[in-house]
Amino acid sequence: MNSPLAMPGLADRAGRDLDAAFAICMAQVRALDPDRYLACLFAPREAQPGLFALYAFSSEIARIRDIVSEPMPGELRHQWWREALSCRGEEAGRQNPVALAILETLRRYALPPEPLLALIEARSFDLYDDPMPTWQDLEGYCGETSSALVRLASLILAGGEEPGSADLCGYAGVCYAMTGLLRAFPIHARRRQCFLPHEMLISCGISLDDITEGKDSDNLRAALHEARQRARGHFETLCSRIGEIDARIRPAFLACCLVPAYLGKMERADYRPFETLVDLNPLRKWWIIGRSAWKAKRYR
């Protein structure tokens, strides 16, 4: 018996649904994750739909804290995505275009769902106001929410083949995610969240109440400086080994080239931890990412 998708009418409709789902993913990444959107534009055209699906999935999970009023609805959304990835893909694909696109991407490149399930699990931390205990916990969180994306993007760019550089995916994801968390420090503080490790706050003489109440101090600035140095250290390790990265997968790392510019803006004299929203002019982002993409060609 022929598969329903072998029937021309249904096959055409399924193809149109997939095209629409990937287009929705691209628009969502452009709106919610502009750095990775720009990086995707320097990837081969055939890999872009899968990359947009991957980053749209990430943005779906990342924004759950922003659209729920308490943890339980967020946990229910997480559970829906776990089931979508694990056992009811066809039904989920009918309900959500991002689910349809990410499930097709997993199938197309023979990618394991486990890193995405681990990402969901790590993002459960976002739903609560618990402190981040240690540096190790923070780096683990960044690894599961960001390094995993670099790794999966690398597999997509390599056509599903093993491209190597798994450890460099770790450095890339951690430096980019830590920088992102530092950029979002004023937003997190307003909603009584803190991603700075509690062990560091204690050593610097800072309480969680100081942060949630918006108390600026030399001690807080010293703690933020230490966090920036940690992010910069991961970035410098990545840069020192950039020649090891397979030329095919370099677009997976391009967003990281914005890290020094973001960290630099936080080191300016007019930086106010609870007020300054750190971002870059879109044209400057284009220039930095484009220059990095051009330089990467030297290693081909």
Side-chain angles (χ1 to χ4, degrees), residues 21-41 43 47-68 74-75 77-86 89 92-93 96-109 111-127 138-157 166 169-181 183-184 187-188 195 249 251-256 258-259 262 289:
F22 282 120
I24 288 170
C25 288
M26 180 178 71
Q28 183 162 315
V29 175
R30 184 175 186 176
L32 300 178
D33 197 350
D35 294 358
R36 290 193 177 104
Y37 172 80
L38 291 177
C40 283
L41 299 184
Q48 289 181 10
L51 295 175
F52 285 131
L54 176 66
Y55 299 144
F57 166 81
S58 174
S59 69
E60 280 282 307
I61 306 303
R63 67 177 180 158
I64 287 176
R65 169 68 188 247
D66 297 324
I67 59 179
V68 298
E75 294 284 12
R77 287 173 181 264
H78 282 181
Q79 184 58 28
W80 186 92
W81 278 104
R82 290 189 190 97
E83 293 177 3
L85 292 169
S86 302
N96 186 308
V98 175
L100 177 62
I102 192 61
L103 289 167
E104 170 61 17
T105 299
L106 293 178
R107 183 201 65 77
R108 186 176 297 178
Y109 296 98
L111 301 177
E114 285 77 14
L116 300 183
L117 293 169
L119 182 151
I120 295 171
E121 190 65 29
R123 284 287 185 182
S124 293
F125 181 86
D126 299 4
L127 303 177
L138 176 60
E139 292 185 354
Y141 172 90
C142 292
E144 290 182 330
T145 59
S146 183
S147 299
L149 295 181
V150 182
R151 175 66 172 158
L152 290 171
S154 297
L155 290 166
I156 291 170
L157 287 160
C169 293
Y171 289 113
V174 172
C175 77
Y176 187 75
M178 287 182 66
T179 301
L181 291 172
R183 291 174 60 204
I187 297 171
H188 294 152
F195 285 84
I249 68 173
F253 295 80
L254 278 179
C256 296
L258 299 171
V259 163
Y262 286 137
I289 291 176

Distance col, row Leu41:CG vs Gln48:CD, nearest 0.5 angstrom, shows 6.0 Å
Close side-chain approach of Thr105 and Pro49, heavy atoms under 4.5 Å: no
Taking salt bridge (Lys or Arg N to Asp or Glu O under 4.0 Å) as the test, write out the residues that go with Arg65, two or more places apart. Asp129
Partners meeting side-chain contact (heavy atoms from CB on, under 4.5 Å) with Ser146 (sequence neighbours left out): Arg36, Tyr176, Ala177
Ile249 vs Val150, side chain to side chain contact (heavy atoms under 4.5 Å, CB included): CA-CA, chis, key distance, verdict: CA-CA 9 Å; Ile249 68 173; Val150 182; over 6 Å; no
With sequence neighbours left out, what residues match Leu258 under side-chain contact (heavy atoms from CB on, under 4.5 Å)? Asp35, Tyr262, Leu280, Lys285, Ile288, Ile289
Please name the pair of heavy atoms, one in Pro115 and one in Leu152, separated by the smallest distance, quoted to 0.1 Å. CB-CD1, 4.0 Å
Step by step, would you call Trp81 with Asn96 a side chain to side chain contact (heavy atoms under 4.5 Å, CB included)? CA-CA 10 Å; Trp81 278 104; Asn96 186 308; 3.8 Å; yes
Going by side-chain contact (heavy atoms from CB on, under 4.5 Å), name the residues that satisfy it together with Arg63, two or more places apart in sequence or in a different chain. Gln28, Leu32, Glu60, Asp66
May I ask you to check whether over 12 heavy atoms, not counting those of Arg30, lie within 6.0 Å of atom CZ? no
Distance in Å, Leu149 CG paired with Arg151 CZ, rounded so as to fall on 0.5 Å steps: 13.0 Å
For Pro112 and Leu106, work out which heavy atoms get closest and say how close. O-CD2, 4.1 Å
Kindly give the heavy-atom pair with the smallest separation between Val98 and Ala56, and that separation in Å. CG1-C, 3.9 Å
With sequence neighbours left out, what residues match Glu75 under side-chain hydrogen bond (donor to acceptor under 3.5 Å, both in side chains)? Tyr128
Taking distance alone, no hydrogens or angles, what donor-acceptor pairs closer than 3.5 Å link side-chain atoms of residues 117-124 to residues at least two apart or in another chain?
unit_1, atom_1, unit_2, atom_2, d
Glu121, OE1, Arg82, NH2, 3.3
Arg123, NH1, Asp126, OD2, 2.7
Arg123, NH1, Tyr141, OH, 3.1
Ser124, OG, His78, ND1, 3.4
Ser124, OG, Glu121, O, 3.3

Considering all heavy atoms, the nearest Cys175-Ala172 contact: SG-O, 3.3 Å
Minimum-distance pair of heavy atoms, taken over all atoms of Ala43 and Leu51: CB-CD1, 3.6 Å
Looking at side-chain heavy atoms only, is the closest gap between Phe125 and Thr145 below 4.5 Å? no
Not counting sequence neighbours, which residues clear side-chain contact (heavy atoms from CB on, under 4.5 Å) with Glu104? List them please. Leu18, Phe22, Arg107, Arg108
List the atom of Gly143, the atom of Val174, and the distance in Å for their closest heavy-atom pair. N-CG2, 4.2 Å
Of all residues at least two apart in sequence or in a different chain, which pass the side-chain hydrogen bond (donor to acceptor under 3.5 Å, both in side chains) check with Tyr171? none
I'd like to know whether Tyr55 forms a side chain to side chain contact (heavy atoms under 4.5 Å, CB included) with Cys25, so could you lay out the CA-CA distance, the side-chain angles of the two residues, the decisive distance to 0.1 Å, and finally the verdict. CA-CA 8 Å; Tyr55 299 144; Cys25 288; over 6 Å; no
Could you state the interatomic distance from CG (Leu155) to SG (Cys169), rounded to the nearest 0.5 Å? 8.0 Å
Going by the rule ring pair (Phe, Tyr, Trp, His ring centres under 6.0 Å), which residues pair with Tyr37 if we only count those two or more places apart in sequence or in a different chain? Phe52
Could you check if a side-chain atom of Leu111 sits within less than 4.5 angstrom of a side-chain atom of Ile156, using non-hydrogen atoms only? yes
Quick check: do Leu54 and Leu116 have side-chain heavy atoms less than 4.5 Å from each other? yes
Test Leu127 against Ile64 for side chain to side chain contact (heavy atoms under 4.5 Å, CB included), laying out the working first. CA-CA 8 Å; Leu127 303 177; Ile64 287 176; 3.9 Å; yes
